[in-house]
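Each remark here refers to the structure printed beneath this line.
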Amino acid sequence: MQKCYLRDGTFYTENYRGALSTNYYTAKEDGIIEYMPKFTFHGFRYVELSGFDTSKNPSKDWVTGLVQYSDFEKNGTFISSHPKLNQLQSNIVWGLRGNFFDIPTDCPQRDERMGWTGDAQVFGPTSMFNADVYKFWASWLQSVRESQFDNGGIPWVVPDVLYNNKVSAGWGDVCTIIPWKIYMRTGDEKILEENFEMMKAWVSFHESKAKNYISTMGFFADWLQPLRENGDNRGDTSKSLIGTAFFAHSANLTAKTAKALGKTKEFEKYNTLYKTVAKSFEKKFFVNGKVIKVAETQTSYLLALAFGLLSDQHKESAKTHLLRKIAEADNHLRTGFLGTPLLSEVLDATGEIDLMYKLLFNETYPSWFYSINQGATTIWERWNSYSKVDGFNPQKMNSLNHYAYGAIGEWMYERIAGIAPIEAGYKKIRIAPQPRNPLTSASASVQVPFGNVASSWQIKGDKFHLNITIPPNTSAKVVLPADTNKDFLLNGSDFVENTNVKLKYKSKDEFELLVQPGVYKFTSNLNKDQ
């Protein structure tokens, strides 16, 4: 976390709100006493000791910090040539370790420490790269099923300790998003079987909160959008637009789940519902790819494009308007909890890799590196929780360990390093790194059901070097950036097609290869503009 003391030397604890962060111990005798608090935990960076014998000089070995988190092993690694990107990766991992403590808490320090469903669905995919959390998520999803209301609604937090019977789109959708993401990472149909009935009930709840397929449910909306115009923590994006988008998205994921489980009739039912909601969404909120009637925001376009809610002829127009909104923000994000994870997905899918790199490597507010420039060692709840100039954000809801914006980690693994599943469980793998300035190298490895997948690239002069590991019983599509007027090297020799590596396609700036299990080294020549 960021430094937690004020300029007068006292601790900053206003963001703890009602949380008790002080332990008291009365020794029964003089001498050296060893004490460890039980039945509690604290989120902290610094410790203040008082009440000790002032004739003694305190030393650091008087206190030992014990990092507590659920029992899981590391599942992946990521490193690059850029120190701030490496710090971001470290911040993501520490946010995970600080908050995966039996349940996926929102923060480890203030008077919540609850399993907020929106935070979980946003960060869940990234967590699966960095840690072996299948059992963790499967266990928590059982609690989600047990907490589901009779009408199909999913509470804000699980376990449901608030007992307020309130529901929000983008939060309750954790019950469709996380099972599907786990399935794509593991190929395990059991996670879909266990949660299919919950998913169907949730979609039915969505439908009950809609009129003519347009949702009336939103509540948290695009939570903590920066520089919002309406001054509300919920951001500027229409709650109804958000609710309708997630209604369609959950219907689509439920349809995909039915298909994966071989449930043909249910696939047809939910796929038809998805298409119906998508058409209603476009008719209500868009004309020719432009948002109408409600606030035009980056998130409104991201939801429409990410969830496939626009007709084909209007997608390019929507992309143009999204790029305009980003340009109006001086090429900075204006997205909160729900919009931020979709930025990289949409910009990547629409070919705007350069812009995504720009957003990721921005140094000024709001951006990931802004917090790092202020000294962050975990992910913050707000893009501006602290600044060296202004100090701590005056909002009491100001966690300095809050993993939601760490969702960018999924794109770092999948597109900077270039490891992604084509089929569920990585039976077919895509190795397609996207090298851009200011990076000169990046490397990642991930444990998948078949073994270890690794991708490591480096640029030296006009040469692109890619080393990969493809595990047994899989195959990979490898996309190699290159000047395809020149040949590339495989394991140090001129490439000759063989049983392990076949050339499938080439354009002017890339080779596409079909690769069988093994360890390979590729070297290509880059174009001047690559």
Test item: [X] side-chain N/O and [Y] main-chain N/O as donor-acceptor pair under 3.5 Å:
X      : Y      : result
Asn362 : Thr364 : no
Ser139 : Lys135 : no
Trp457 : Ile416 : yes
Ser240 : Ser215 : yes
Thr126 : Ala407 : yes
Tyr413 : Thr77  : yes
Asp119 : Asp106 : no
Ser168 : Trp171 : no
Asp173 : Gly170 : yes
Lys319 : Thr350 : yes

Just jot down the salt bridge (Lys or Arg N to Asp or Glu O under 4.0 Å) partners of Arg430, sequence neighbours excluded, or say none.
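If we apply the salt bridge (Lys or Arg N to Asp or Glu O under 4.0 Å) test to Arg430, skipping adjacent residues, there are no hits.
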Tell me, do [X] and [Y] make a side-chain contact under 4.5 Å, heavy atoms counted?
X      : Y      : answer
Trp383 : Ser371 : no
Gln148 : Trp202 : yes
Phe129 : Met412 : no
His314 : Glu282 : yes
Glu189 : Leu261 : yes
Leu224 : Met397 : yes
Asn271 : Lys275 : yes
Glu363 : Lys84  : yes

Verify side-chain contact (heavy atoms from CB on, under 4.5 Å) between Ile429 and Val453, making sure each step is shown before the conclusion.
CA-CA 9 Å; Ile429 304 164; Val453 182; 3.7 Å; yes
Please check if the number of heavy atoms outside [X] that lie under 6.0 Å from its [atom1] is greater than 12.
X      : atom1 : answer
Asp529 : CG    : yes
Tyr213 : OH    : no
Asn230 : CG    : yes
Lys279 : NZ    : no
Lys209 : NZ    : no

Pairing donors with acceptors under 3.5 angstrom, does anything connect the side chains of [X] and [Y]?
X      : Y      : result
Asn288 : Ser317 : no
Asn393 : Asn398 : no
Gln89  : Asn130 : yes
Asn164 : Trp156 : no
Asn99  : Thr105 : yes
Thr297 : Thr237 : yes

Using ring centroids (six-membered ring only for Trp), state whether [Y] and [X] fall under 6.0 Å.
X      : Y      : result
Tyr405 : Phe337 : yes
Phe281 : Phe307 : no
His82  : Phe361 : yes
Phe123 : Trp116 : no
His321 : Phe286 : no
Tyr357 : Trp411 : yes

After noting the C-alpha distance and the side-chain angles of Thr378 and Asn91, does the key distance pass the side-chain hydrogen bond (donor to acceptor under 3.5 Å, both in side chains) rule?
CA-CA 4 Å; Thr378 51; Asn91 293 4; over 6 Å; no
Between [atom1] on residue [X] and [atom2] on residue [Y], distance to nearest 0.5 Å:
X      : Y      : atom1 : atom2 : value
Leu514 : Lys428 : CG    : NZ    : 8.0 Å
Leu241 : Ser300 : CG    : OG    : 6.0 Å
Tyr426 : Ile470 : OH    : CD1   : 12.0 Å
Leu503 : Glu512 : CG    : CD    : 9.0 Å

Go through it in stages, so that I can follow the logic: the residues are Asp236 and Gln225, the test is side-chain hydrogen bond (donor to acceptor under 3.5 Å, both in side chains), and I'd like the CA-CA distance, side-chain angles, deciding distance and then a yes or no.
CA-CA 8 Å; Asp236 298 317; Gln225 171 208 320; 2.9 Å; yes
Salt bridge (charged side-chain N to carboxylate O under 4.0 Å, His left out) between Lys200 and Glu266: does it pass, once the steps are laid out?
CA-CA 10 Å; Lys200 292 194 299 181; Glu266 287 173 300; 2.7 Å; yes
Does Arg234 make a cation-pi contact with Phe219 (under 6.0 Å, within 45 degrees of the axis)?
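Satisfied, under 6.0 Å and within 45°.
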Between Phe511 and Lys506, is there a cation-pi geometry (under 6.0 Å to ring centre, at most 45° from the normal)?
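Negative - Lys506 is either too far from the ring of Phe511 or too far off its axis.
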I need the single residue from Thr440, Ile459, Asn86 that forms a side chain to side chain contact (heavy atoms under 4.5 Å, CB included) with Ser81. Which is it?
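One option only clears the test, and that one is Thr440.
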For residues 338-346, which side-chain donor-acceptor pairs fall under 3.5 Å, sequence neighbours excluded?
unit_1 : atom_1 : unit_2 : atom_2 : d
Thr340 : OG1    : Thr335 : O      : 3.2
Thr340 : OG1    : Thr335 : OG1    : 2.8
Thr340 : OG1    : Gly336 : O      : 2.7

Classify the angle between the aromatic ring planes of His206 and Phe247 as parallel (below 30°), tilted (30 to 60°) or perpendicular (above 60°).
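Plane angle under 30°, so parallel.
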In sequence, state the C-alpha distance, the side-chain angles, and the governing distance for Trp180 and Thr254, and then conclude on side-chain hydrogen bond (donor to acceptor under 3.5 Å, both in side chains).
CA-CA 9 Å; Trp180 183 256; Thr254 304; over 6 Å; no
Working note: Lys290 + Glu296, criterion salt bridge (charged side-chain N to carboxylate O under 4.0 Å, His left out); need CA distance, chi angles, decisive distance, verdict.
CA-CA 8 Å; Lys290 186 178 187 302; Glu296 188 185 18; 3.7 Å; yes
If you apply the rule side-chain contact (heavy atoms from CB on, under 4.5 Å), what do you find for Phe246 with Ile177, and how did you get there?
CA-CA 10 Å; Phe246 275 96; Ile177 293 170; 4.2 Å; yes
Go through the steps for Glu410 and Lys181 under the test salt bridge (charged side-chain N to carboxylate O under 4.0 Å, His left out), then give the verdict.
CA-CA 11 Å; Glu410 181 180 25; Lys181 285 289 188 177; 3.2 Å; yes
